[in-house]
Every structure is written in structure tokens, then in C-alpha cells.
Amino acid sequence: MPYIDPNKINRIVVKVGSSTLTHETGKLNLRRINKLAEALSDLKNSGHEVVLVTSGAVAAGAAKLCLRERPRETVEKQAAAAVGQCTLMHLYDKALSEYGAVTAQVLLTRDIVDNATSRQNAANTFRCLLDHGVIPVVNENDSVSTYELENLVSFGDNDRLGANVAVLCEADLLIILSDINGFYDSDPRENDEAKLIPVVTEIDDGLRGLAGGAGALGTGGMAAKLAAAELAMAAGVNVVLADGSDPNILIDICSGRARGTLFRAKEGVRKQ
Ligand code: GLU
């Protein structure tokens, strides 16, 4: 079976996390954002439909407000996100415009999962934006969502948001760019012998244990990535988890080159 057939990849959702978009200082990694914009614009120029799901609002806002560390209180995070979202959109708009691409800001809440009307509205908006050749830039509407996962009014993390957007847009591929190069059989930061799992066809308790169990790969949010992959796979969307340090990896993946870990979509669930 080929890795991913590039001829079958048209609509792509790319999710990029805060750790990929920021330096260790907490400030935005401007070069990476520019390279990401270049890769996304090039994918669009080569005929793909592209959606970006981006984190980084809280981080950008915290840096702009000169906070010494990432805020912990919900209200502080929400305020930081409100500040940072402007900065993020400004940078994406500027960078994507440089490459001739048009962008749009789409801020979502869990309503797109819980409320059929909101879901349909969001799906229609994405459809229309993509028909106009726009690259939508999506984040959670952090200032109205509540962060704590137990409240179940937020996506909890942008990996799940990315998977929901990929399903909503009926994407062919979700690429999760992270500071880890794929899914390993043990934590590569602690174990030199850790082996990358190149292809996952089914997520079972064994894998979930690797992602979220004691001493796991988990601190970087691997359990969330696995949950996101599971949601997308079940809806017939292929998922690749890959290292985001060089955004050109997006071009490799969309050309069918094996990178990171492929979570293979369940067959037969997509409308043809
Ligand atoms: N929406 C948050 C932000 O933009 C990030 C949430 C996440 O990365 O999981 O900062």
C-alpha cells in the first residue's frame, strides 16, 4: 500500500502548535511563521485547498503584555489570547499576502461540535472561503471558550480543534506539526532506543498507554494528538504527525514522501 497517494490529496488542514511557533523566550518565531506561510502558499499554488489551524495566541499575547510566564488563570489566558490573536493574524496576513495568498480569520468554539446549526454555518463558511481560493486561518475563540477540559465547553487543545476542522471540511489530510517528529514506542527524550512508529492503522489501548501512561511521551500533549488522530481517522481523514521545525516538510508529505507518523484513515467511511 503506498504511504499516501499524492493524487488523492486535495484539501489539507495543517495544525501548528505554540511550541513550533515560539522561541524558548516565549516570543514568536518570525522566520518559522514566514516559512510556514511560504509552504502553505506554495501548496495552494500547486492546486491544493489549504486550511491552517494555529495556536500561539496566548503565547503571543503573553509576550506582548510582557508577562514573565504563560498565564495560568483562565481570565488572564483569555485576555492574552485576545491580544495575541491580533498579532498572529497580522503576521499571517502579512506573510501570506507576500506570497499572493488571501487569508481569513475563523475563530471557533465547541459549538461546531455541539450545535448542528453552528456546525453547518461553519462548514458553509469554509466551503465558500475555499471556493474563493482563501487560506482560512483558524483558532479557538479563546476569549469565549473556557479552557479547562472538564468543563467540556472548549476543545481542550488545538489538536482536537484541528481534527474537528478537518472532519468538518471533509479534508483528505490533516497534518499536525509539532516539536516531536512523530509517534514513538517510548519517550525519545528519555530513551535513546525509542523507535518511531511510521504507520498506525488502528489506535488501541496499547498505543493510548504509550501516549498517556506513566512516564509517557505525553507531556508534549501526545494523548491529545492521539485523540485527534483517532477522531479524524474514524471520519476517513489521513493524519500525519510530523516535526514542524522546517515547514517545508508539508511539501514532502503532500508529495507522498513518508515523514513522521501516518495515522491511516479508516476506509469506506467517506462519501465518494
Ligand atoms: N488556542 C490556544 C492559543 O492560541 C492554544 C491551545 C492549544 O494549543 O492547544 O494559544
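Positions are given from 1, in the same order as the sequence printed here. All ligand and atom numbering here is 1-based and tracks the order in the structure.
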J.: Using a 4.0 Å heavy-atom cut-off, say whether Val58 meets ligand 1 through its side chain, its backbone, both or neither.
T.: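 Both parts.
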
J.: Under 4.0 Å, counting heavy atoms only: does Gly56 come that close to any atom of ligand 1?
T.: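 Within the 4.0 Å threshold, so yes.
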
J.: One pair to check against side-chain contact (heavy atoms from CB on, under 4.5 Å): Leu130 and Val51. What are the steps and the verdict?
T.: CA-CA 8 Å; Leu130 293 172; Val51 176; 4.0 Å; yes

J.: Where do Arg127 and Glu49 land on the salt bridge (Lys or Arg N to Asp or Glu O under 4.0 Å) test, with the steps shown first?
T.: CA-CA 10 Å; Arg127 185 63 275 144; Glu49 293 181 328; 3.2 Å; yes

J.: Only heavy atoms of Asn139, strictly under 4.0 Å: list the atoms of ligand 1 that pass.
T.: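 Close to Asn139: 1 (N), 3 (C), 4 (O).
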
J.: Consider every N or O of Thr54 and every N or O of ligand 1, then say whether any pair is closer than 3.5 Å.
T.: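 No, no N or O pair falls under 3.5 Å.
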
J.: With a 4.0 Å cut-off, would you call Glu267 and Arg264 a salt bridge?
T.: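 No, Glu267 and Arg264 are not salt-bridged.
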
J.: Just heavy atoms, cut-off under 4.0 Å: does Asp142 contact ligand 1 by side chain, backbone, both, or neither?
T.: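 For Asp142, the contact with ligand 1 is made by the side chain alone.
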
J.: Any chance the side chains of Asp142 and Gln85 put a donor and an acceptor closer than 3.5 Å?
T.: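 Result is no, nothing qualifies.
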
J.: Nearest heavy-atom pair of Arg208 and Asp205: which atoms, and what distance?
T.: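 Scanning both residues completely, I find the closest heavy atoms to be NH1-OD1, 2.5 Å.
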
J.: Please could you name the atoms of ligand 1 that Ser55 approaches to less than 4.0 Å, counting only its heavy atoms?
T.: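 Result: 4 (O), 5 (C), 7 (C), 8 (O).
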
J.: Would you indicate which of Ala57, Ala224, Ala80, Gly84 comes nearest to atom 3 (C) of ligand 1 when only heavy atoms are counted?
T.: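 Looking at heavy atoms only, Ala57 sits closest to atom 3 (C) of ligand 1.
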
J.: Donor-acceptor pairs under 3.5 Å, side chain of residues 14-24 to any protein atom, not counting sequence neighbours: which ones?
T.:
unit_1, atom_1, unit_2, atom_2, d
Lys15, NZ, Asp159, OD1, 2.9
Ser18, OG, Gly56, N, 3.2
Ser19, OG, Asp179, OD2, 3.4
Thr22, OG1, Ser18, O, 2.7

